[in-house]
**Student:** 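Right, I'll just put the structure down here and ask away after.
Each chain gets a letter, A, B and so on, in the order the sequences are listed, and its residues count up from 1.
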Amino acid sequence: MVKVYGNKATRFGFGEALVELGKKDEKIFVLGADTVSSVAINGFQKSFPERFANVGIAESNMLGMASGLALAGFVPFVATYGVFASGRPWEQIRTTICYSNLNVKIGGSHSGLMVGPDGATHQALEEIAIMRCLPKMTLLSPCDAIETKKATMAAAYFNGPVYIRYGRENIPVITEETAPFEIGKAQIMKEGQDVCIMATGTMVYESLMSAEILEKEGINAKVINIHTIKPIDEKAIIDAAKECGAIVTAEEHQIFGGFGSAVAEVVVKNMPVPMEFIGMKDSFGESGKPSELMAKFGLKDVNIVNAVKKVLSRKS
Amino acid sequence: MELGDLKIMSASVRKDILKMLELAGSGHPGGSLSSVELVVDLYFNHMRFDPKNTKDKNRDYFILSKGHVCPVLYSVLAQLECINGDELCTLRQAGSRLQGHPAADKGLPGVEVSTGSLGYGLSIGVGVAKAMKTLKQKNRVYVLMGDGEQQEGTIWEAAMAASHFKLDNLCAIVDCNGLQIDGNVSDVLNIEPIADKYKAFGWNVISLDGHDLAQIDKAYSDAKLKKDKPTVLIAKTVKGKGVSFMENIADWHGKAPSKEQMLQAISEIDASIK
Ligand SMILES: Cc1ncc(C[n+]2csc(CCOP(=O)(O)OP(=O)(O)O)c2C)c(N)n1
Ligand SMILES: [Mg+2]
């Protein structure tokens, strides 16, 4: 059985980390954009109003302001829905923040299809692609609330731009408080030799579930949680490719340019093995219930199981 | 339509909005209810819009920049029999043409363009208006925005362009209900003096009560007569208008009423037109 320690939205891990950071460090400054409670930065706002600013519905300005705060020595965190945190101010992030290597941390909430009934406009499914291509950017995509808290803490003490991708819906907590978290270091969730499922964010849980189904069919899958998409843990990927000889990647994000692409870049260069990709197949999301949408767009454990069978048929 | 009929139509649209949102279990009542009269009078008395031929090349364009209030648009489209009233029940469900924010890819007649990311509608409107000028066509363009939405920088890029290009075929409407998600617009990030800002940007500005159908009707008429300048209606409204427990409450920005709340709201609206 997959060990589940509770059910909690990753946004709360982000918000709790900010409050802790605020207590420890006077340099932490938080900016919001009229979505303060929904991205869970209201705790920080309440505790440290003098180091908080709501800039209104003005995300480009928010990233520009964060740049200025970083120039003046603060460690600014901005947060809003992922589409508006990564997409609209993309060029501010590229040219002002990354090109100047400014110490700005970007919280991209409401990632993925699980945003549900608000539909495609609010379902962030492209941030991995458009953030990981940026020089100097570090991209974190934690798998549950506990890991999101650790990722946020780690981001604060890392020098340079960091994007943290998290979500709104309650999802299973599958990591423990004591589990180590290091930027750039993948975490093996389950050992196995037949195939390796590499997953990020919400799909780590689905991958563990799929490994359980596969187990019953006599297929022993290794599952790796890749919470840092950039810089990606090349060694863990190459080792797994050698050990398992076949890889399935899983992400709640577009396949093109996404997490699976990042893994493939490493695999193809170092240890080519057959791969399959689970993710959004070049389409927008739509309105609906989160679980319904995950099934409709093929992002459930059963879809991973099918991808594993497909990839195993090509394994030499 | 006569003012009395517009008032009854507005009540019907309000009831549709509440029923749709209750069924959907999520969505945005506050800003939908505040926009009702502005949208109803526009569609029933001013826009050249053929419900049976929504792609007619002589149509006026309506761009719902604040896409989250799409229930008001969907209801008006149903009232015009542009879509079937039954379809309103599918709001926000998987596979529906009535997405949580207007989706151009779902083929719903009357939805010109996908919106829901705030701050984009005015630029789109400027583009359509410029196209019509270039084509020497008479189509007019209407863009409905929120007051919180005025905080987006793109609005002001578009505002500058609209007057520069003398787009008198463009009419923007700002639904000034005073609230956004995080509270009062004046507390979150003040936009006032909003009328003076548009004036300074070269617009013809009409300030009005956004629930007074006579004032609205006159404003749309006056806008059509104005030469060489785009017009903006600065419409003072009440967020959640018509439902006592929703009026002026920020919390009703983005949550659906329960069944009981919906029924109470409907009875209040019915009473208001007796
Ligand atoms: C670019 C962008 N940022 C944030 C949001 C989230 N959001 C949806 S509605 C809203 C508040 C809108 O307030 P206002 O424009 O005043 O609309 P109204 O009061 O009429 O509902 C926000 C911030 C969004 N849809 N788009
Ligand atoms: Mg408003």
**Student:** Do the side chains of A:Asp34 and B:Glu149 get nearer than 4.5 Å, heavy atoms only?
**Tutor:**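 SC-SC contact between B:Glu149 and A:Asp34 ruled out.
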**Student:** If you count the non-hydrogen atoms of other residues, nucleotides and ligands that lie under 6.0 Å from NZ in B:Lys255, is the total more than 12?
**Tutor:**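 Buried by this count: over 12 neighbours within 6.0 Å.
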**Student:** Provide the closest heavy-atom pair for B:Ser117 versus A:Phe84 in the form atom of the first, atom of the second, distance.
**Tutor:**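 Scanning both residues, the minimum pair turns out to be OG-CE2, 3.1 Å.
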**Student:** For B:Phe245, is the CZ atom crowded, meaning more than 12 foreign heavy atoms sit under 6.0 Å from it?
**Tutor:**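 Enclosed: over 12 neighbouring heavy atoms sit under 6.0 Å from CZ of B:Phe245.
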**Student:** With only heavy atoms counted, which part of B:Thr154 is less than 4.5 Å from chain A, the side chain, the backbone, both or neither?
**Tutor:**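 Just its side chain gets close to chain A.
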**Student:** Does anything in residues 51-71 of chain A get under 4.5 Å of chain B by heavy atoms, and if so which residues?
**Tutor:**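 A:Asn54, A:Val55, A:Gly56, A:Ile57, A:Ala58, A:Glu59 fall under the 4.5 Å cut-off.
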**Student:** Is it the case that over 12 heavy atoms from other parts of the model lie below 6.0 angstrom from the CD atom of A:Glu50?
**Tutor:**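 Buried by this count: over 12 neighbours within 6.0 Å.
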**Student:** Could you tell me whether B:Lys236 atom NZ has more than 12 heavy atoms of other residues or ligands within 6.0 Å of it?
**Tutor:**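 Yes.
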**Student:** So which heavy atom on B:Gly119 is nearest to which on A:Arg88, and how close?
**Tutor:**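 Closest pair (atom of B:Gly119, atom of A:Arg88, distance): CA-NH1, 4.2 Å.
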**Student:** Need one label for A:Glu286: side chain, backbone, both or neither, based on atoms under 4.5 Å from any heavy atom in chain B.
**Tutor:**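 When you check distances to chain B, atoms from both the backbone and side chain of A:Glu286 fall under 4.5 Å.
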**Student:** If you count heavy-atom pairs under 4.5 Å with chain B, which of A:Gly288, A:Gly119, A:Pro117 comes out on top?
**Tutor:**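 Among the listed options, the one with the most contacts to chain B is A:Pro117.
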**Student:** Among B:His101, B:Lys106, B:Gln99, B:Gln93, exactly one meets side chain to side chain contact (heavy atoms under 4.5 Å, CB included) together with A:Ser287. Which residue is that?
**Tutor:**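 Result: among B:His101, B:Lys106, B:Gln99, B:Gln93, B:Gln99 is the only option passing the side chain to side chain contact (heavy atoms under 4.5 Å, CB included) with A:Ser287.
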**Student:** Heavy-atom distances under 4.5 Å only: say whether A:Phe284 touches chain B with side chain, backbone, both or neither.
**Tutor:**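 Contact with chain B: none, neither part.
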**Student:** Below 4.5 Å from any heavy atom of chain A, which atoms of B:His28 appear? Answer side chain, backbone, both or neither.
**Tutor:**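 Contact with chain A: side chain only.
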